[in-house]
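Contents: one structure, followed by commentary.
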Amino acid sequence: MPSAQRLTPQYTIEDYEQWQGDWELWDGTPVSMSPSPSKRHQRTAKRLLYMLEHALGEQTDCQCEVFYEIDWRVKDDTVLRPDLLIECEPADTKWVESTPTLVVEILSPGTAKNDQFYKRGRYAQYGVGYYLIVDPIAESIESLHLIDGQYQPIDPTKLKLGEGCSISLDTSAIWS
C-alpha cells in the first residue's frame with residue numbers, strides 16, 4: 001500500500017489578516033511569534049529604535065524611515081515582521097511593501113534559530129541590504145551586509161543606507 005502524502009495547507013495574506021495573535025506567514029505557512037518579547041528584548045529594541053531614529057534625523061537628504069514591529073508584505077503568501085526595519089523608498093501604504101534597506105532582529109530564546117537561519121536566508125533572498133542580529137543576553141550584534149547575494153560581516157558603526165544617507169551607530173550605548 002503506497003504511503004499517503006501529507007498535505008500542508010497553504011495560506012495567503014487574506015487568511016493572515018483574519019488571525020488573532022502574533023504571527024508571520026512564511027511561504028504560505030503560519031509561524032507563531034509567541035510568547036511576547038521579554039523586558040530585556042523590549043529595552044534593547046527601544047534603545048535601537050531611538051539610536052536609528054536619531055541617526056536618520058541627522059541626515060538632511062535622507063528619505064529613510066525606521067519602523068518597529070510592522071508587517072513587511074513580501075508577496076501574496078509571505079509576511080515578515082522584523083523587530084525593526086528601515087525603509088528608504090517612502091510610500092503611502094499601510095504596510096511595508098518594498099524591500100527594507102536594513103532589518104534588525106533581536107534574539108529571544110524561543111525564536112533565535114528562526115532569526116539566525118531561516119530569516120537570514122529569506123532576508124538575503126529578498127535583497128535586504130543590511131541585517132543586524134542582536135543578542136541582548138550576550139550583549140552582541142552580528143552586523144551583516146548583503147554582497148553578491150550572501151551576507152558578509154561588517155563593522156556596524158558605519159552603514160551606507162542609500163544615496164545621501166549614511167548612519168553611524170555607537171552600539172555600546174545599547175547595553176548601558
Side-chain angles (χ1 to χ4, degrees), residues 13 22 24 33 36-75 78-108 111-112 114-176:
I13 287 178
D22 288 327
E24 288 187 358
M33 293 289 109
S36 62
S38 68
K39 285 183 181 179
R40 177 179 274 172
H41 183 284
Q42 288 292 318
R43 190 177 303 116
T44 302
K46 177 180 66 175
R47 288 177 181 166
L48 269 167
L49 175 66
Y50 173 77
M51 287 175 65
L52 291 169
E53 189 73 32
H54 180 74
L56 290 173
E58 292 180 336
Q59 306 292 306
T60 56
D61 294 328
C62 182
Q63 298 299 311
C64 299
E65 190 171 1
V66 62
F67 293 97
Y68 176 73
E69 289 281 331
I70 191 168
D71 286 353
W72 170 27
R73 295 182 175 212
V74 181
K75 54 185 184 170
T78 303
V79 179
L80 301 171
R81 189 182 308 152
D83 290 306
L84 298 166
L85 66 78
I86 292 179
E87 180 182 38
C88 293
E89 296 178 25
D92 190 22
T93 56
K94 187 173 179 180
W95 316 107
V96 173
E97 295 175 359
S98 63
T99 301
T101 300
L102 178 143
V103 164
V104 177
E105 291 289 2
I106 301 167
L107 301 181
S108 295
T111 60
N114 287 342
D115 295 335
Q116 293 168 316
F117 300 106
Y118 180 83
K119 283 187 163 184
R120 179 180 175 148
R122 288 293 183 226
Y123 292 149
Q125 176 186 357
Y126 299 134
V128 175
Y130 293 97
Y131 183 30
L132 306 182
I133 303 172
V134 181
D135 187 337
I137 295 171
E139 296 185 351
S140 66
I141 299 178
E142 182 179 7
S143 302
L144 304 167
H145 184 214
L146 190 65
I147 299 171
D148 296 326
Q150 299 292 318
Y151 280 121
Q152 305 296 323
I154 58 159
D155 177 359
T157 59
K158 296 194 186 292
L159 306 173
K160 183 171 174 50
L161 303 177
E163 204 56 45
C165 194
S166 295
I167 60 174
S168 296
L169 299 177
D170 175 10
T171 57
S172 65
I174 297 167
W175 319 118
S176 61

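Keep in mind that what you see is a predicted model, and the values were worked out from it rather than measured. We count residues from 1, following the sequence as given.
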Glu89 CD: over 12 foreign heavy atoms closer than 6.0 Å: no
How many angstroms lie between atom CD of Glu69 and atom CG of Leu85, to the nearest 0.5 angstrom? 10.0 Å
Exercise: identify the closest heavy-atom pair between Cys88 and Ile86: SG-CG2, 3.8 Å
Can you confirm whether the thiol sulfurs of Cys64 and Cys165 sit closer than 2.5 Å? no
Side chain to side chain, Trp175 and Ile141, heavy atoms closer than 4.5 Å: yes
Can you find a pair of side-chain heavy atoms, one from Val128 and one from Trp72, that are under 4.5 Å apart? yes
When every non-hydrogen atom of His41 is compared with those of Ser108, the smallest separation belongs to CD2-OG, 3.1 Å
Taking all heavy atoms of Pro82 and all of Ile70, pick out the closest pair and write down the distance. CD-O, 3.9 Å
Can you find a pair of side-chain heavy atoms, one from Pro100 and one from Phe67, that are under 4.5 Å apart? no
Considering only residues two or more places apart or on different chains, which pairs with a residue in residues 137-150 satisfy side chain to side chain donor-acceptor pair (under 3.5 Å)? Arg120-Glu142
Gap separating the CG atom of Leu48 from the CD atom of Glu53, nearest 0.5 angstrom: 12.5 Å
Is the number of heavy atoms from other residues, nucleotides or ligands under 6.0 Å of Glu163 CD greater than 12? no
When you look at Leu161 and Tyr130, which way does the side chain to side chain contact (heavy atoms under 4.5 Å, CB included) test go after all the steps? CA-CA 8 Å; Leu161 303 177; Tyr130 293 97; 4.1 Å; yes
Close side-chain approach of Leu159 and Ile154, heavy atoms under 4.5 Å: yes
Crowded around Tyr50 OH? As in, over 12 foreign heavy atoms under 6.0 Å? no
Taking Asp83 for its side chain and Ile106 for its backbone only, find out whether a donor-acceptor pair lies under 3.5 Å. yes
Counting neighbours of NZ on Lys46 that are heavy atoms of other residues, nucleotides or ligands and sit closer than 6.0 Å, is the number greater than 12? no
What's the shortest heavy-atom distance between Tyr151 and Gly129, and which atoms? CE2-O, 4.1 Å
Who passes salt bridge (Lys or Arg N to Asp or Glu O under 4.0 Å) against Asp71, sequence neighbours left out? Arg81
Quick one: list whatever passes side chain to side chain contact (heavy atoms under 4.5 Å, CB included) with Ala91, sequence neighbours left out. Thr93
To the nearest 0.5 angstrom, please state how far the CD1 atom of Ile133 sits from the CD atom of Glu105. 8.5 Å
Quick check: closest heavy atoms across Ala55 and Leu169, and the distance to 0.1 Å? CB-CD2, 4.5 Å
So, do Leu102 and Val66 sit near enough that their side-chain heavy atoms are less than 4.5 Å apart? no
Could you grab the distance from atom CD1 of Ile167 to atom CD of Gln59, nearest 0.5 Å is fine? 8.0 Å
Distance from Asp135 atom CG to Arg40 atom CZ, nearest 0.5 Å? 9.0 Å
Is there side-chain contact between Asp115 and Tyr131, with at least one heavy-atom pair below 4.5 Å? yes
Any heavy-atom pair between the side chains of Trp95 and Val79 that's under 4.5 Å? no
Would you give the length of the straight line joining atom CG of Asn114 to atom CZ of Arg122, rounded to the nearest 0.5 angstrom? 11.5 Å
To check you understand the geometry: which heavy-atom pair defines the closest contact between Lys158 and Ser168, and what is its length? NZ-OG, 3.8 Å
Side chain to side chain contact (heavy atoms under 4.5 Å, CB included) with Leu84: of Val134, Val103, Leu49, only one passes, and it is Leu49
